[in-house]
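The structure appears right after this line, and notes come after that.
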Amino acid sequence: MKVYNTLSRSIEEFTTLQPGRVSMYVCGPTVYAKAHIGHAMSALVFDIIRRYLEFKGYEVNHVMNFTDVDDKIILRAREKRMDPFALGEMYIREFEEHLIAFNILPATVNPRATREMDQIIKMISGLIEKGFAYPVDGDVYFRVTKDRGYGILSGRRIDDMQSGYRIDVDARKEHPMDFALWKAAKPGEPAWDSPWGKGRPGWHIECSAMNLNHLGEQIDIHGGGNDLIFPHHENEIAQSESFTGKQFARYWIHNGMLQLSGEKMSKSIGNLISIEEFLANHSADTLRMLVLNSGYRNPLSYSEEILTQAERAIDRLRSSLKPALPGAAGISREGVEVLSKQVIASEQGFIQSMDDDFNSSGALASLFELVRVINQARADGATDEQLSTAQQKLLDLTGVLGLTLQKTEETGHAADGFIDLLIEIRKDLRANKLWELSDKVRDRLAELGVVLEDSKEGTSWHWK
RNA sequence: GGCGACGUGGCCAAGAGGCUAAGGCAAGGGUCUGCAAAACCCUGAUCAUGGGUUCAAAUCCCAUCGUCGCCUCCA
């Protein structure tokens with residue numbers, strides 16, 4: 001198995017610290033607002049990776065955090081006249097519901113910054129002792145110049161960055177690039193006791209502490225959006241490695257950004273689609289299919305057109321799961337042979353693609369080949385029994401990708417009898433060649449979302 | 001200004017030195033059908049542009065143009 005590692009900017013052979021086990025930390029959201037589908041995309045990417053690792057037989061220890069204390073949360077809570085903790089709690093609960101809706105497997109642990117204060121303080125103290133950090137007026141800063149490896153992930157040199165005019169100059173910092181590990185509390189803000197006075201942790205140290213606490217000094221995979229590479233992940237490396245003296249994460253995996261009208265979907269630009277909004281109009285599989293088709297590292301341009309394409313692609317996968325034609329007579333031994341050979345070929349192709357840096361787009365191609373062969377067999381008259389192995393394989397493999405292929409429509413059985421009745425009546429109409437009336441029944445049912453399909457053996461129907 | 005990613009048929013997207021450049025969507029033609037729908041069959045790209053390396057390049061190198069991300073909070 002090969003994986004693209006941001007750290008080396010190249011594809012590397014994947015090996016784990018412990019045989020058969022993968023420790024994976026993924027940066028979750030800061031809970032200060034409704035999540036948008038960019039957040040969902042990131043969670044989906046790592047869900048797909050996690051599912052595939054499990055398919056490969058690894059036991060995955062998957063940690064995804066919630067940043068539940070931060071400037072924005074405090075600001076937002078003040079605006080809404082809410083308690084910042086209650087605000088965070090609300091959005092965490094909402095996000096967890098979204099994860100379920102998207103068929104994203106629950107992480108092994110979902111730690112929260114506010115519950116990791118001991119570890120955070122311990123780490124900051126340790127960094128100060130080792131000379132990697134210094135307190136000033138109740139704040140604590142990381143001493144970037146002391147860390148010789150600083151810039152290794154993002155490929156930046158401290159000197160290059162120094163020339164940037166965007167860095168705010170704070171006279172209390174030794175170097176403009178030094179970043180906060182601990183921030184002294186202003187009146188009215190949530191605060192915790194520390195050796196440096198009341199305050200709260202900086203964003204970066206939270207993740208370092210949660211990693212250490214839940215996965216240990218070294219982890220296999222650290223993931224997140226590629227917008228986190230700098231400064232967040234760079235700083236995490238600086239903190240963790242300075243503290244432990246060991247290499248922190250072995251593979252850094254970053255997903256590309258979801259874009260809307262040519263720009264990254266983000267709060268500040270305001271070009272976002274909330275998860276709520278998305279799910280009101282589309283199935284969870286749709287977004288997953290979008291992600292699967294595009295490749296996790298590439299930017300993904302969101303548009304109505306591409307959404308339709310994804311939905312049609314899902315229909316295509318589903319088409320192969322339909323039962324045999326009514327009155328199917330069965331196909332020849334050679335035909336069955338072709339089908340079972342394709343099952344093997346598709347599974348191999350699937351694995352080969354996914355092994356190559358989770359090439360889900362290539363993996364899908366293998367699945368669509370299986371779809372074609374299944375449909376060919378059905379058209380040739382294969383029975384349900386003859387189709388079942390291939391169909392089961394397709395379900396298994398789409399399941400590895402996290403697709404459910406379920407109909408969103410969960411209509412009660414109540415309507416079924418009426419539809420059957422209409423079909424029965426229409427059958428008589430057709431027998432008497434009353435085409436106009438029979439077409440009217442079909443058209444009106446179509447308007448109601450019921451699709452009729454006539455065949456020699458009779459009429460079948462399904463919800464659109 | 002610095003760092004990085006990318007540009008493959010109408011759209012999305014694999015492929016990363018050499019077999020017919022995957023697959024999906026859309027389109028056109030056909031089979032089936034009373035007509036449809038579904039399914040099946042058939043049809044299309046020389047790979048942003050210009051140089052170069054090589055027996056051989058979409059794949060490597062250089063340049064140009066273009067798009068996007070990061071450099072401030074961000075999945």
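Order of the sequence lines sets the chain letters (A, B, ...), proteins ahead of strands, with each chain counted from 1. Note that these values count all heavy atoms, side chains included, but never hydrogens, waters or copies made by symmetry.
Considering only side-chain atoms of A/D227, the nucleotide from B/G34, B/A75, B/A22 that sits closest is B/A75. Nearest nucleotide to the A/F230 side chain, out of B/G24, B/C12, B/C70: B/C70. The side chain of A/E453 sits closest to B/A37 out of B/C41, B/A37, B/A75. For A/R9, the listed nucleotide lying nearest its side chain is B/A5; candidates were B/C40, B/C73, B/A5. Relative to the side chain of A/E305, the nucleotides B/A75, B/C11, B/C40 differ in distance, and B/C11 lies closest. Taking the side chain of A/K322 as heavy atoms from C-beta on, and the options B/A38, B/C40, B/A36, the nearest nucleotide is B/A38.
Side chain A/R157 to base B/C3: no donor-acceptor pair is found below 3.5 Å. Contact annotation: side chain of A/D439 to base of B/G34, donor-acceptor pair present below 3.5 Å. In this model, a side-chain donor or acceptor of A/R430 finds a partner on the base of B/G34 within 3.5 Å. For B/A36, its base sits under 3.5 Å from the side chain of A/R442 at one donor and acceptor pair at least.
Across all strands, A/R76 comes closer than 4.0 Å to no nucleic acid atom at all (heavy-atom distances). Residue-level contact check: A/N359 touches the backbone only, with heavy atoms under 4.0 Å from sugar-phosphate atoms and none from bases. Across all strands, A/T30 comes closer than 4.0 Å only to sugar-phosphate atoms, never to a base (heavy-atom distances). Residue-level contact check: A/S361 touches the bases, meaning some heavy atom is under 4.0 Å from a base atom. Residue contacts for A/S319: at a heavy-atom cut-off of 4.0 Å it reaches the sugar-phosphate backbone alone, with no base atom in range.
Judged by a 6.0 Å distance limit and a 45° cone about the ring axis, A/R156 is positioned over the six-membered ring of A/F230. Geometrically, A/R316 does not engage A/F368 in a cation-pi contact defined by less than 6.0 Å to the ring centre and at most 45° from the axis.
You'll find the side chain of A/F14 reaches within 4.5 Å of the side chain of A/V22, heavy atoms only. Inter-residue side-chain proximity for A/N65 and A/C27 is flagged as met; some heavy-atom pair is nearer than 4.5 Å.
Positionally, the nearest nucleotide of RNA chain B for A/L364 lies more toward the 5' end than for the other of A/L364 and A/K72.
No side-chain donor-acceptor contact under 3.5 Å links A/D70 and A/T30. A donor and an acceptor atom, one from each side chain of A/Y296 and A/N298, are nowhere located under 3.5 Å apart.
A distance of about 25 Å separates the P atoms of B/C61 and B/G69, rounded to the whole Å. Comparing B/U49 with B/G9, their P atoms are spaced 10 Å from each other, to the whole Å. Taking the C1' atoms as reference points, B/A22 lies 12 Å from B/U8, given to the whole Å. Taking the P atom of each, B/A48 and B/A13 are spaced 14 Å apart, rounded to whole Å. Nucleotides B/C60 and B/C70 are separated by 27 Å at their C1' atoms, to the nearest Å.
Between the side-chain ring of A/F368 and the base of B/G24, no stacking contact exists by the 5.5 Å and 30° definition.
The side chain of A/N298 places no N or O atom within less than 4.0 Å of a non-bridging phosphate oxygen (OP1 or OP2) of B/C6. Within the 4.0 Å cut-off from OP1 or OP2 of B/C40, at least one side-chain nitrogen or oxygen of A/R316 is found. For B/C70, one of the phosphate oxygens OP1 or OP2 lies less than 4.0 angstrom from a side-chain nitrogen or oxygen of A/K264. For B/C40, one of the phosphate oxygens OP1 or OP2 lies less than 4.0 angstrom from a side-chain nitrogen or oxygen of A/N375. A sub-4.0 Å separation between OP1 or OP2 of B/A26 and a side-chain N or O of A/R312 is present.
Figure legend. B/U31 is base-paired to B/A39; pairs are counted as Watson-Crick or G-U wobble with both atom distances under 3.5 Å.
The aromatic rings of A/H282 and A/F278 sit tilted relative to each other, their planes meeting at an angle between 30° and 60°.
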